[in-house]
Amino acid sequence: MKIWKKLKFPAQEFNLENTLVNGQCFNWRKIGDHHYEGVFSKYYVQVKRDNDAYVQYSTIPPNENPEKEQLFEDQFKSYLNYDANIPELYEHWAQKDKRFSQIAEPIHGVRCLRQDPWECTVSFICSQCNNIKRITQLLETLRKTVSQIVALNQQSQFGSEICEIDQDDGTRRKIYQFPTVEQLQTATEKQLRELMFGYRAKYLVAISKQIVDKGGQNWLESLRGQPNEKIREELTSLPGIGSKVADCIALFSLDCANSIPVDTHVFQIALKLGYVKGLKKDSSLNNKLYLQIVQAFRDKFGDKAGWAHQIMFAGDLKSFQEKISNSNSANTSAQNSKKRKIDEIKDQEEEKEEEEIKVQDVDTKRETRSKRRKLN
DNA sequence: AATAGACCTGGGTCC
DNA sequence: AATGCCAGGTCTATA
């Protein structure tokens, strides 16, 4: 029987869906309405929203005494950046940007997580030319198989198994911890390719070795709190990590809230919203432009610009598009007329300030495509 | 200094 | 049913 623990966490502070499956991490799965399961640290965890004010969580294994329970709660709160006041930040950001104010309600309660830097590193190496679903699947396979490889090499029966879960179809599923740097190092490129990691396999093997040589987990954690430039410099010297992945690791695991990972989504957002002036419509994302976009986000959103960026990023994801359009159609109510007026004023101000930049409208293109898909 | 291509795999797309 | 294209990027080789 599960023991559920309560945590005070209003929905505007923490929306499970908007936070756990928005592309910043890949260790959570939806298993019901407002209900998620995941592997966190040495635990299998379920989280669900209890009511407007509380979330509940349960762990396997359970924490057998109050001290351990407290330790876990502290660890989990730290992972959730519990002390950050998200609604307050939202309000601040919504005043800075019109697009942000439009998506603030449908994508409310997004928290940037404080992830384990090693898991985060592996996750974002896997993210290149990939999608959330497949990344999640790859990492699940990695937990399971590397654990077995380690067990095999050490002639030990157990790898990093956490528990077994009963499934609806009557079978049982084993849950494993995320492999440590040293554990992943024991896997070969060939083994990882067989697990469908593709060309990312060689990066993972090489990077495990290099990070072990630098001091492993401790070295990664020593980067916490360092300036963004320093972190970028260290991480991009490793194979398979460029600017974008380095900035993801910095933002999501190394306390670098002003880090702005510029991927194709963010690039498109910056083009569409005219964040960088004087762009040609077919400009390519080179290093100089990358840094200009980073600067534009910082100028606009301030010292936690990376957190704001994650919400803008989620707003561009296909899986969140429906939420936004539903919310926009609800915006016709009289309640929102005040908000619309504010938007109009902002519109006018922005038009005065900035020249119209003509870029192919990404949304339109996407809509046409999805219509076509539905017809088929 | 800047910019194509290659790279694994899988999924939507186009006849 | 079959084919080429592209995806949440990085690395390498070149006019």
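Treat the numbers as computed from the prediction; the structure is a model and nothing was measured. Each chain gets a letter, A, B and so on, in the order its sequence line appears, and its residues count up from 1.
With a cut-off of 3.5 Å on both pairing distances, the Watson-Crick and G-U wobble pairs of DNA chain B assemble into stems of 3 or more at B:2-7 with C:9-14, B:9-11 with C:5-7.
Within the 4.0 angstrom heavy-atom criterion, only backbone atoms of the sugar-phosphate kind lie near A:Leu238; the bases stay farther away. Within the 4.0 angstrom heavy-atom criterion, only backbone atoms of the sugar-phosphate kind lie near A:Pro239; the bases stay farther away. Nucleic acid contact for A:Ile241: sugar-phosphate only, since backbone atoms but no base atoms lie under 4.0 Å from a heavy atom of the residue. Using a 4.0 Å heavy-atom cutoff across all strands shown, A:Asn286 reaches sugar-phosphate atoms only and no base atom. Within the 4.0 angstrom heavy-atom criterion, base atoms lie near A:Gly23.
If you find the closest nucleotide of DNA chain C to A:Gly240 and to A:Gln310, the one lying nearer the 5' end belongs to A:Gln310. Mapping A:Ser284 and A:Arg200 onto DNA chain B via the closest heavy atom, the residue that lands nearer the 5' end is A:Ser284. Positionally, the nearest nucleotide of DNA chain B for A:Gln128 lies more toward the 5' end than for the other of A:Asn131 and A:Gln128.
For the pair A:Arg134 CZ and C:dA7 C1', the interatomic distance rounds to 10 Å; values are reported in whole Å. If you take CD1 of A:Ile293 and P of C:dG8, they are 16 Å apart, rounded to a whole angstrom. Put simply, CG on A:Asn287 is 15 Å from P on C:dG9, counting in whole angstrom units. To the nearest angstrom, P of C:dT10 lies 11 Å from CZ of A:Phe124. If you take NZ of A:Lys133 and C1' of B:dG11, they are 9 Å apart, rounded to a whole angstrom. Rounded to an integer number of Å, the gap from CZ of A:Phe252 to C1' of C:dG8 is 10 Å. Rounded to whole Å, the distance from CG on A:Leu285 to P on C:dG8 is 14 Å. What separates OH of A:Tyr199 from C1' of C:dC6 is a distance of 12 Å, to the nearest Å.
Using atom P as the reference point in both B:dT3 and C:dG8, the two lie 22 Å apart (nearest Å). Taking the P atoms as reference points, C:dC6 lies 14 Å from B:dA4, given to the whole Å. For the C1' atom pair drawn from B:dG11 and C:dT10, the interatomic distance equals 23 Å after rounding to whole Å. With P as the reference atom, C:dA2 and B:dC8 are 26 Å apart, rounded to whole Å.
The side chain of A:Lys202 sits closest to B:dC8 out of C:dG9, B:dT3, B:dC8. Side-chain proximity of A:Leu317 to C:dG8, B:dT3, B:dT9: nearest is C:dG8. Ranking B:dC8, C:dG8, B:dT3 by closeness to the A:His265 side chain, first place goes to C:dG8. Listed nucleotides: B:dG10, B:dC8, C:dG8. Nearest to the side chain of A:Met196: B:dG10. Listed candidates were C:dG8, B:dC8, C:dT10. Nearest to the side chain of A:Asp263 is C:dG8.
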Side chain to side chain donor-acceptor pair (under 3.5 Å) between A:Glu73 and A:Asn63, worked out: CA-CA 10 Å; A:Glu73 188 184 303; A:Asn63 293 297; over 6 Å; no
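The only option from A:Ile260, A:Val266, A:Leu285 that meets the side-chain contact (heavy atoms from CB on, under 4.5 Å) definition with A:Tyr290 turns out to be A:Leu285.
Donor-acceptor pairing under 3.5 Å, judged by distance alone, is absent between the side chain of A:Arg193 and the base of B:dC8.
Taking the six-membered ring for Trp and thresholds of 30 and 60 degrees, A:His309 and A:Phe297 have ring planes more than 60 degrees apart, a perpendicular arrangement.
In this structure, the ring of A:Tyr43 has its center no less than 6.0 angstrom from the ring center of A:Tyr57. Centroid-to-centroid, the aromatic rings of A:Phe14 and A:Tyr82 stay 6.0 Å apart or farther.
Within the cation-pi definition used here (under 6.0 Å to the ring centroid, within 45° of the axis), A:Lys304 does not qualify as a partner of A:Trp93.
The ring pair (Phe, Tyr, Trp, His ring centres under 6.0 Å) pairs that include a residue from residues 214-261 of chain A are A:Phe124-A:Phe252, where partners are two or more places apart or lie in different chains.
Residues A:Asn18 and A:Lys323 bring a donor and an acceptor atom of their side chains to less than 3.5 Å of each other. Between the side chains of A:Gln292 and A:Tyr275, no donor-acceptor pair is found at a separation under 3.5 Å.
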